[in-house]
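What you see is a predicted model; the values in this text were computed from it and never measured.
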Amino acid sequence: MSRVTLVLGLHNHQPVGNFEHIFEEAYSTAYLPFIETLQAFPDIPFVLHNSGVLWNWLLERHPEYMDLLRAMSERGQIEFMSGGYYEPILSVIPERDRQGQLGMMREFIANRFGRSPRGCWLTERIWEPHLPQTLHRAGLEYVVVDDAHFKSTGFSAEDMRGYFLSEEDGDYVRIFPIDKKLRYLIPFQAPENTIAYLRSVADEPGGGEKIVVLADDGEKFGLWPGTNRLCYGEGWLRRMCALLADNRDWLNLSTFSKVIDRHRPIGIVYLPTASYSEMMEWALPLEAGERYERAVELLSASGSFEEPKETIRGGFWRNFLVKYEESNWMHKRMMAVSEEVDRAKGEKGEALDHLYQAQCNCAYWHGLFGGLYLPHLRSAVFSQLIEAENALDGTGEGRVDYDLRDMDGDGVEELILSGERLRAFFRLRGGSLRELDVRSPAFNVTDTLTRRKELYHNKLREPSDPPGGEDEGAVSIHDISTAKERGLEGFLRYDERNRESLLDHFIGPETGLKAFAGSSGVELGDFLDAVYRLGVEESGEQPVFRLERRGSVGPAGGTRTAVNLLKSVRMAPSEPRLDIDYTICPLDGSIDCRFAVESVFSLLAGDAPDRYFRIPGRRLEDRRLASTGEEREVETLSLVDEWLGIEISMAFAPAAILWRFPIETVSNSESGFERVYQGSAVTAVWPLRADRGAEERFSISLSIERRKGRKE
């Protein structure tokens with residue numbers, strides 16, 4: 001039997017913007033007990049990567065943990081891995097920011113533990129062929145990726161018992177493949193099964209020492225459902241460590257750096273764009289995901305393929321930017337801020353730190369974990385971007401600046417307005433308000449996720465155990481498909497277009513609140529997806545931005561009337577206010593319908609008592625932000641957030657019928673399916689009757705004022 005060298009690697013991370021109690025729970029159930037257990041086995045070396053988000057929290061909240069790590073490092077038990085400090089996906093941020101984040105982590109580890117890291121944890125193991133150059137130039141010698149990367153190029157498991165060299169433009173890096181079999185064995189099966197598997201590796205044909213790598217999320221050792229009881233209550237981790245020590249006659253435990261120093265690489269390799277197989281599956285668009293799922297089922301049923309998911313390739317991580325408009329918008333906003341920071345003169349350390357935090361990957365994609373579907377994670381990204389912009393240009397000087405640029409890469413420009421208190425992004429496509437930012441507190445008030453069909457929604461219609469049933473113990477989060485509440489399938493609604501604000505609807509009298517909220521109302525106009533013309537009137541202190549389009553209104557297949565819609569937008573230079581005036585004029589006939597302006601606002605909590613609707617002079621039966629209702633003859637509406645300390649007010653002229661309803665999604669998470677409040681839709685509805693050449697006028701004034709709140 002050949003000897004086997006096992007490298008144990010651990011990656012710990014919490015997203016920027018995650019709740020304090022989640023950090024604390026992860027620390028007490030997973031991070032600390034894992035280290036305390038390994039401390040009792042000083043002859044078992046391992047490699048540790050903590051993200052900078054987590055390092056910062058640990059320094060502030062648990063310095064004793066840092067002391068423990070330092071002591072274990074000094075006795076040679078821990079090797080620290082580098083990575084982008086705030087856990088970015090390196091391949092989708094600019095090279096200057098890659099080097100900045102990697103350098104930041106290198107300096108942190110060197111300063112805290114007295115050793116410069118030699119290798120890199122790659123966020124979500126997302127590999128692109130140009131990364132060897134990035135890592136080499138950052139002074140890093142190795143990186144770890146999944147064996148799926150290798151299998152997609154034709155490697156078998158037996159071909160990967162070691163590490164490889166790869167290069168880009170002559171810059172080399174060493175690549176270690178992570179063993180998927182070990183990822184699924186540990187800690188969900190008995191420790192003896194892991195030893196048996198490693199023995200089978202030792203028995204594989206070919207001589208020499210065989211190198212096997214387990215590098216995986218530290219949260220699976222205590223934070224994932226059932227794993228704290230398994231790993232520590234039932235002693236799984238301690239038994240695993242004892243078995244590793246008992247088999248040292250044929251099983252060697254090492255670190256990546258020691259393997260590099262003692263063993264030659266197997267050879268050179270060139271890997272395609274890849275991540276772990278589940279990530280590539282999640283990145284597929286819906287229809288492609290359905291085809292992929294059917295193909296996996298057919299291959300599995302044939303019995304001819306040991307790993308069907310490795311036989312066919314999934315998608316490409318960057319396709320999340322295509323699959324989800326919100327992901328693309330955040331990414332392009334981040335790239336624009338990165339350019340601003342790069343161009344800035346003088347000291348820009350504060351702006352850089354905010355930018356780097358905004359590059360934290362978790363809110364940019366969605367798979368098993370909530371990610372993009374979690375409003376507080378998206379909100380944290382936007383807050384960091386706004387803070388970076390504030391650090392660069394302060395809060396303005398009592399003027400409104402504007403710019404035109406294609407922010408999202410769709411070929412149509414956006415209009416960007418910046419005042420002392422607000423920043424607004426208008427799309428010329430649809431004439432909508434895509435983003436509205438309060439500069440203090442730094443907050444995007446319109447960040448709302450569109451309701452989309454997801455592949456896993458099909459599982460909600462299948463019979464399953466009710467929530468709160470018998471605990472079956474620890475299982476991989478990839479195998480969890482329970483619902484957190486009953487009847488979630490009843491909340492599956494899908495939007496026809498992206499959720500934005502100041503959307504211009506023309507609807508018939510038969511369309512009511514229920515149909516409108518369910519995206520089943522009949523749209524009579526053709527303005528929502530059309531490109532508006534932009535004109536700018538700069539006379540006076542307050543420029544007027546005129547978004548105009550000649551379209552048509554009428555039933556599909558029936559007689560349509562040409563209609564000109566002019567939307568005039570003004571931003572107050574020193575006040576947090578937008579004024580929007582509409583002029584609607586039929587050009588070749590008459591119109592008799594209703595005009596509805598729909599907006600969305602996200603204040604993060606739909607049921608919290610300190611966040612609510614308010615209409616002056618009225619008592620709302622249900623004032624929660626997650627409430628549904630219709631009010632008539634409304635002149636002013638407010639959305640109040642006492643925690644954040646802001647009040648969003650809308651004034652309507654003439655008085656309008658007002659519809660409100662929550663935008664709620666049903667998404668997958670590591671603990672099951674859950675309903676998530678994304679925001680509140682607010683729609684002003686007016687009767688619209690006009691003959692040819694007659695003008696009808698409507699206006700909305702939107703303001704955001706500071707209130708005394710808990711968040712300063």
*Distance-only side-chain donor-acceptor flag, Thr134 / Gln99, under 3.5 Å*: no

The single option from Glu340, Glu326, Glu435 that satisfies salt bridge (Lys or Arg N to Asp or Glu O under 4.0 Å) with Arg333 is Glu435

Across all chains, not counting sequence neighbours, the side-chain contact (heavy atoms from CB on, under 4.5 Å) partners of Glu219 are Asn12, Gln14, Tyr31, Asp217, Leu223, Trp224

Quick test of your reading of the model: are Arg439 and Glu389 salt-bridged, counting only N-O distances below 4.0 Å? no

dist Lys332:NZ -> Leu321:CG (nearest 0.5 Å) comes out at 5.0 Å

Ser602 side chain vs Asp447 backbone, donor-acceptor pair below 3.5 Å:
yes

Would Phe382 and Phe443 count as a close aromatic pair, with their ring centres under 6.0 Å? no

Using distance alone, with no hydrogens and no angle criterion, decide if Asn228 and Thr29 have a side-chain donor and acceptor under 3.5 Å apart. no

The side-chain hydrogen bond (donor to acceptor under 3.5 Å, both in side chains) partners of Asp43 (sequence neighbours excluded) come to none

Separation between CD (Glu79) and OG (Ser73), nearest 0.5 Å, reads 9.5 Å

NE2 (His130) and CG (Asp171) are apart, to the nearest 0.5 Å, by 13.0 Å

Practice item. Kindly indicate, with the supporting measurements, whether the criterion side-chain hydrogen bond (donor to acceptor under 3.5 Å, both in side chains) is fulfilled by Trp317 and Glu128. Key: CA-CA 10 Å; Trp317 189 91; Glu128 294 192 20; over 6 Å; no

So CG of Leu48 and CG of Leu10: to nearest 0.5 Å the spacing works out to 6.0 Å

Query - Pair Glu20, Trp57: side-chain N/O donor-acceptor within cut-off below 3.5 Å - result: yes

Note to self: Strictly distance-based, threshold 3.5 Å: is any side-chain N or O of Arg378 a donor or acceptor partner for the main-chain N or O of Leu372?
What the structure shows: yes

Any heavy-atom pair between the side chains of Leu140 and Ser82 that's under 4.5 Å? yes

Across all chains, not counting sequence neighbours, the side-chain hydrogen bond (donor to acceptor under 3.5 Å, both in side chains) partners of Thr37 are none

Paired with Trp55, the ring pair (Phe, Tyr, Trp, His ring centres under 6.0 Å) test is passed by just one of Tyr85, Tyr86, Phe108, namely Phe108

Original post:
Parallel under 30°, tilted from 30 to 60°, perpendicular over 60°: which one fits the rings of His376 and Phe19?
Top reply: parallel

CD (Glu95) and CZ (Arg137) are apart, to the nearest 0.5 Å, by 6.5 Å

Residue set satisfying salt bridge (Lys or Arg N to Asp or Glu O under 4.0 Å) with Lys151, at least two apart, ordered chain then number -> Asp147, Glu307

Subject >> Charged N-O contact under 4.0 Å between Glu234 and Arg229 >> reply: yes

message = Can you tell whether the side chains of Asp353 and Lys348 come within less than 4.0 Å, N to carboxylate O?
response = no

Check: Does the distance from a Lys or Arg side-chain N to an Asp or Glu carboxylate O, for Lys180 and Asp146, drop under 4.0 Å?
Finding: no

Q.
Contact between Val7 and Val259 at the side-chain level, heavy atoms closer than 4.5 Å - yes or no?
A. yes

* Asked: Arg96 and Ser338: side-chain donor and acceptor closer than 3.5 Å?
  -> yes

Margin query: Tell me whether Ser383 contacts the main-chain N or O of Ala442 through its side chain, where contact means a donor paired with an acceptor under 3.5 Å.
Written below: yes

Taking the side chain as C-beta and beyond, is there a heavy-atom pair between Tyr364 and Met334 under 4.5 Å?
yes

Item to complete: Return yes if a side-chain donor-acceptor contact under 3.5 Å exists between His11 and Trp121, otherwise no.
Response: yes

Check: Going through the checks in order, is the side-chain hydrogen bond (donor to acceptor under 3.5 Å, both in side chains) test met by Arg98 and Ser91?
Finding: CA-CA 8 Å; Arg98 296 177 206 164; Ser91 58; over 6 Å; no

I'd like to know if the side chain of Asn361 and the backbone of Glu87 have a donor-acceptor N/O pair within less than 3.5 Å. yes

Checklist entry - Hey, does Trp236 have a side-chain heavy atom less than 4.5 Å from the side chain of Phe188? => result no

task: Indicate whether the side chain of Asn668 and that of Glu454 have a donor and an acceptor atom separated by less than 3.5 Å.
output: no

With sequence neighbours left out, the residues meeting side-chain hydrogen bond (donor to acceptor under 3.5 Å, both in side chains) with Asp607 are Arg624

*Given the rule in the side-chain hydrogen bond (donor to acceptor under 3.5 Å, both in side chains) test, do Gln359 and His331 qualify, once you have shown the distances and angles that lead to the verdict?*
CA-CA 8 Å; Gln359 292 170 343; His331 178 259; over 6 Å; no

Exercise. Between Glu339 and Arg343, is there a salt bridge with N-O shorter than 4.0 Å?
Worked result: yes

Test item: Leu131 and Leu122 side chains (from C-beta on) under 4.5 Å apart, heavy atoms
yes

Hey, are His354 and Gln384 close enough side-chain-wise for a donor-acceptor pair under 3.5 Å? yes

Do Tyr163 and Val213 come close enough that some side-chain heavy atom pair is under 4.5 Å?
no

- Message: Please check this pair: side chain of Glu64 against backbone of Met66, looking for a donor-acceptor N/O pair closer than 3.5 Å.
- Response: no

Do Pro42 and Arg75 have side-chain heavy atoms sitting under 4.5 Å apart? yes

Exactly one of Phe176, Tyr142, Phe150, Tyr172 clears ring pair (Phe, Tyr, Trp, His ring centres under 6.0 Å) with Phe164, and that residue is Phe150

Between the CE atom in Met105 and the OH atom in Tyr356, the distance rounded to the nearest 0.5 Å is 13.0 Å

### Message
Using the rule given for side-chain contact (heavy atoms from CB on, under 4.5 Å), can you reason through Leu603 versus Ile646, listing the C-alpha separation, both sets of side-chain angles and the distance that settles it, and then say yes or no?
### Response
CA-CA 10 Å; Leu603 297 176; Ile646 62 172; 4.0 Å; yes

Presence of salt bridge, Lys220 and Asp216, under 4.0 angstrom | yes

Between Phe113 and Phe80, what is the ring plane arrangement, given parallel below 30°, perpendicular above 60°, and tilted in between?
parallel

Are side-chain N/O atoms of Gln678 and Thr665 paired as donor and acceptor at under 3.5 Å? yes

Leu8 vs Thr255 side-chain heavy atoms within contact, under 4.5 Å = no

- Message: So does Glu168 get a backbone contact from the side chain of His136, meaning a donor-acceptor N/O pair under 3.5 Å?
- Response: no

Sequence neighbours excluded, the answer for side-chain hydrogen bond (donor to acceptor under 3.5 Å, both in side chains) partners of His366 is Tyr456

